[in-house]
Amino acid sequence: MEKKLRDQIENEVNYANSPYYTIRVENKNNRGTVVKPASGETNKKVSDVFDIKFDTNNAHEFLRWEADSSELPANESIYDYISFEDTSLSETKVTFKKALNKIIIRPVVTARPQIISWTPILSENFTRKDTTIQAIFDHEMDKSSIYYSDDEIADLENLPVTRLLTTTDGGVERTYGYEKDGEIFYKGISIINNKTKENLNAYFKAPVFESPTTLSLATIDDKHNLFDDYTQVLVTLDQNFCYIAQLDETRTKPVVMSESKKWIYQVNDAIDNVPPELRAISVATTADTISPSRTEPSLTAEGIQSLKLPSDNKLRLNVT
């Protein structure tokens, strides 16, 4: 007991006589606010534990903490000197483990995804009723934005729902929505009549990412059974549309939009009922020894079956 007390006193004396080191929490790109420490720096002794906190602005998402020092010895890790309780939390605790000057702690943040283009838009002449809804994002979005996970499907089945709506994506069956009380609902997407608030989802096919940045919703094939002429359509894409950011070698994090996206368009009484027509094909060789501008005579639709193409050159086909 006496030795334990003596050791305790000795440790306290050693701690009291040990130097302070300044540790800075740096907001390098001004994408938020350092909340703890309030001044952006703190003076600590070895073995101290202290709090750090960073609040991002609305356009960014916190990912993780990282640290460095200009005086870090070669072949050593900064994490031999400090440790984080959890680097993925914007508010966490830090332990100062070993003496080192000029330690800087930084928050790593990333921009939230945004929708940078959307169609149809409200226009003077309105829009055909069968026009495809499309949104283009500034990041490559994750398909979990439009498809339910297994856990989410289990929750849906407990509602209960009349049926789940599925589609095939990349050879895999995915659930994108459900029917309940005679209405169709999508994950993260709402299409309604802006005036009557009628649910219009049933007039559209399954949502699909035509490319990692382009979301599309085409109308159903029965174009003569769409919503009323001159309907004002309100489209809402939920805030939880996301892309996946890498936290470290093993962990990822979904990064969602800062808010939901809404827009309105109005339809007229027209639909596109003219099928595409093949009128002619022009053929141009692309071999290095032949000018790409050299073009064979155009062929009419009637002459396509008798078209013979050389096998020794690559070709460019222009279909009109």
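Keep in mind the model is a prediction, meaning the values are calculated, not measured.
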Verdict with supporting geometry, I271 and T219, side-chain contact (heavy atoms from CB on, under 4.5 Å): CA-CA 11 Å; I271 59 173; T219 56; over 6 Å; no
Check against side-chain contact (heavy atoms from CB on, under 4.5 Å), L159 and K180: CA-CA 9 Å; L159 285 179; K180 186 176 187 292; 4.3 Å; yes
May I ask you to decide whether R174 forms a salt bridge with D169, counting only side-chain N to carboxylate O separations under 4.0 Å? no
K28 and E26 ion-paired at < 4.0 Å: no
Donor-acceptor pair, side chain of K45 and main chain of N17, under 3.5 angstrom: no
In this structure, OG1 of T87 is separated from CG of L247 (nearest 0.5 Å) by 7.5 Å
Looking at R112 and V256, would you say the former's side chain and the latter's main chain have a donor-acceptor pair under 3.5 Å? yes
Hey, does E66 have a side-chain heavy atom less than 4.5 Å from the side chain of Y79? yes
Y176 pairs by ring pair (Phe, Tyr, Trp, His ring centres under 6.0 Å) with which of Y148, F185, Y186? Y186
Would you say Q134 and S216 are linked by a side-chain donor-acceptor pair, where the criterion is simply a distance under 3.5 Å? yes
Can you say whether the rings of Y203 and F227 are parallel (under 30°), tilted (30 to 60°) or perpendicular (over 60°)? perpendicular
Between Y243 and T110, does a side-chain hydrogen bond (donor to acceptor under 3.5 Å, both in side chains) hold up when you go through it step by step? CA-CA 11 Å; Y243 69 90; T110 188; 2.8 Å; yes
Does the side chain of D248 pick up a donor-acceptor pair with the side chain of T250 at under 3.5 Å? yes
When rounded to the nearest 0.5 angstrom, what is the spacing between CD1 in I103 and CZ in R24? 12.0 Å
Hey, are the side chains of N268 and Y230 touching, using non-hydrogen atoms and a 4.5 Å cut-off? yes
Stepwise, does the side-chain contact (heavy atoms from CB on, under 4.5 Å) test hold for F84 with L89? CA-CA 10 Å; F84 297 89; L89 297 179; over 6 Å; no
Closest approach of K44 to I23 (non-hydrogen atoms, all atoms of both residues): CB-CD1, 4.4 Å
Under a 3.5 Å threshold, yes or no: a donor from one side chain and an acceptor from the other, between D86 and S88? yes
Basic-acidic side-chain contact under 4.0 Å: D238, K187: no
Is there a side-chain contact (heavy atoms from CB on, under 4.5 Å) between F126 and V267? Walk through the geometry before answering. CA-CA 5 Å; F126 304 153; V267 301; 5.8 Å; no
Would you please say whether a donor-acceptor pair under 3.5 Å links the side chains of S144 and D142? yes
